[in-house]
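Here's the structure, in structure tokens; my notes come after.
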There are 2 protein chains.
Amino acid sequence: MDLFDQKKENKSLTTLIFEKIREDIINDVYKNDEKIIEAKVAEEMGVSRTPVREAIKQLELDGLVENIPNRGVIVKGVTPQDIEDIYTMRLAIEGIAAKWSVERMSEDALKDLKDIYELMEFYTVKKDIEKIFELNTRFHEVIYKASSSRYLEHVLTDFQQFIKSTRKISLATEGRVEEALKEHKKILDAFLAKDIKAATDALIYHIEHSKCNAGKMVDRTTK
Amino acid sequence: MDLFDQKKENKSLTTLIFEKIREDIINDVYKNDEKIIEAKVAEEMGVSRTPVREAIKQLELDGLVENIPNRGVIVKGVTPQDIEDIYTMRLAIEGIAAKWSVERMSEDALKDLKDIYELMEFYTVKKDIEKIFELNTRFHEVIYKASSSRYLEHVLTDFQQFIKSTRKISLATEGRVEEALKEHKKILDAFLAKDIKAATDALIYHIEHSKCNAGKMVDRTTK
DNA sequence: TCCAATATAATTGTATACACTTACTCACAC
DNA sequence: GTGTGAGTAAGTGTATACAATTATATTGGA
């Protein structure tokens, strides 16, 4: 398949396939409880079964598919309830992240955060949702990384992946990009001022707001 | 290798190897930054490279090894700092779990919890640390499952794995088993009474206590 | 017609083979 | 002695082959 011909970023087929299938599960291309057949996926992608198997094994660990020995794997997608739950957990952990990140963030990371915010401003004016979404992800990842906690970063980065679809929809609702920009400004300012409480509050406010918005979307799409 | 001859529990070689290596990383058999060579592991275990590769790919997702393309994987073990961080995150999420689990726990699960507790009592008298440890793990897993949140269960179960070594050491310290038993009694009673606040408090007290105890152990072993 | 038993197909699980990339060694030039 | 480069070895990445298991279809009997 042409998608994989170039093998960008030095990634292995396994990694590319993993990311592709994860994306497809999260975006509901693979429906819940659907069966995934290795050989079929392999043929569709023009590769052998080996990297597909390895990718599926990874998805299994992420909880996105369930393996029934000798019978196959079935998709266990992210339900609205799952997203709701993940947001709740994220809120709890993001509070910890805020504290650690403010305390430990390097000047370089602070500059990154500022740069990302400024790009956000730019693309918000241009209304380029795709770019904003990507910057949004990176903004939070810089904060996670600054926490200097490998597992905290790991958990929160994972969460971001799982709620990706919802975040995308949320951002596309009328007026949300401008709101989100303001919220990110507050977060940035708090980090620049090294104000733990302000940062925590701003982050939690931001996520609660996203969650609330997401909740609305879920309701709308499921009813 | 004889370990895998019987293939217990219908598990695939991949799964068995995954669990084995994870155990070995967590218990520091594989040292940090050590390189893992597929072929070597495969030979040691008397299997082909295929299931070993698949297992390693899973470990990668868990963050226990890091893959450098075409060069190999290196062990990224759980440091004392990691364990400290995981305990902190666990505390935050366990509070959420307590609430949901009390609300949603079925009578069957409640009975399981009670049964496990009673076995704990029994083995505490017998001072069978290994059994107590296993029951301890199951006790908390019943609570996680009762939350009816797939991802909460997933995250907390993972955490338990990562801090396994520390929990084991902690439990082996003088007088800790008896303390832990009392703490579990309080948790059980709160669940039986369906008292969310009491359950939350008891759980958090229990984990903080474990954490504190673990912290002491870390200090002792690293200095 | 319906059920059971058996053959057949489909699919996963594991092993092996080959390709590709990176690391290492040793000779040769300077 | 040191640096450079070809050649070799080691190791990962991917494809294929075969074994084991499970699902499906078919046939024969009641």
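What's counted below: heavy atoms across the whole structure, side chains too, no hydrogens, waters or symmetry copies. In the text below, chain A, chain B and the rest are named by the order of the sequence lines, each starting its count at 1. Predicted, not measured: the structure shown is a model, and the values here were computed from it.
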Using whole Å, report how far CD1 of B/I68 lies from P of D/dG11. 15 Å

On the nucleotide C/dT14, are OP1 or OP2 found under 4.0 Å from the side-chain N or O atoms that B/T50 carries? no

Min side-chain heavy-atom separation B/V65-B/Y30 under 4.5 Å: no

Just the rounded figure in Å: distance from P of C/dA15 to CD of B/E43. 13 Å

Just report the end-to-end axis angle for the helix from C/dT1-D/dA30 to C/dC30-D/dG1, five pairs per end, to 10 degrees. 10°

How many whole angstroms separate atom CD of A/E54 from atom C1' of D/dA15? 12 Å

Could you check whether any side-chain heavy atom of A/F191 comes within less than 4.5 Å of a side-chain heavy atom of A/V102, counting everything from C-beta outward? yes

B/N70 atom CG is separated from C/dA19 atom P, nearest whole Å, by 16 Å

4.5 Å side-chain heavy-atom contact, A/L64 and A/V78: yes

Please find the pair of heavy atoms, one from B/M105 and one from B/A146, that lie closest to each other, and give the distance. CE-CB, 3.6 Å

Exercise: identify the closest heavy-atom pair between A/T88 and A/K211: OG1-NZ, 3.2 Å

What is the ring orientation for A/F139 with A/H184, classed by angle as parallel under 30°, tilted 30 to 60°, or perpendicular over 60°? perpendicular

Of the candidate nucleotides C/dA15, D/dA15, C/dT12, which contains the atom at the shortest distance from the side chain of A/P51? D/dA15

I need the residues from residues 29-40 of chain A with at least one non-hydrogen atom less than 4.0 Å from DNA chain C; give them sorted by number, or say none. A/I36, A/I37, A/E38

With a 4.0 Å cutoff (strictly under), does any side-chain N or O of A/R71 reach OP1 or OP2 of C/dT12? no

To the nearest angstrom, how far is A/L13 atom CG from C/dC20 atom C1'? 12 Å

Between the base of C/dG13 and the side chain of A/R49, is one N or O donor paired with an acceptor at under 3.5 angstrom? yes

Parallel, tilted or perpendicular, judged at 30° and 60°: which one describes the rings of A/Y151 and A/H154? perpendicular

Checking A/R167 against A/T137: is there a side-chain donor and acceptor pair closer than 3.5 Å? yes

Rounded interatomic separation in angstrom, taking CG from B/L16 and C1' from C/dT14: 13 Å

Answer yes or no: is there a side-chain heavy-atom contact under 4.5 Å between A/E60 and B/E54? no

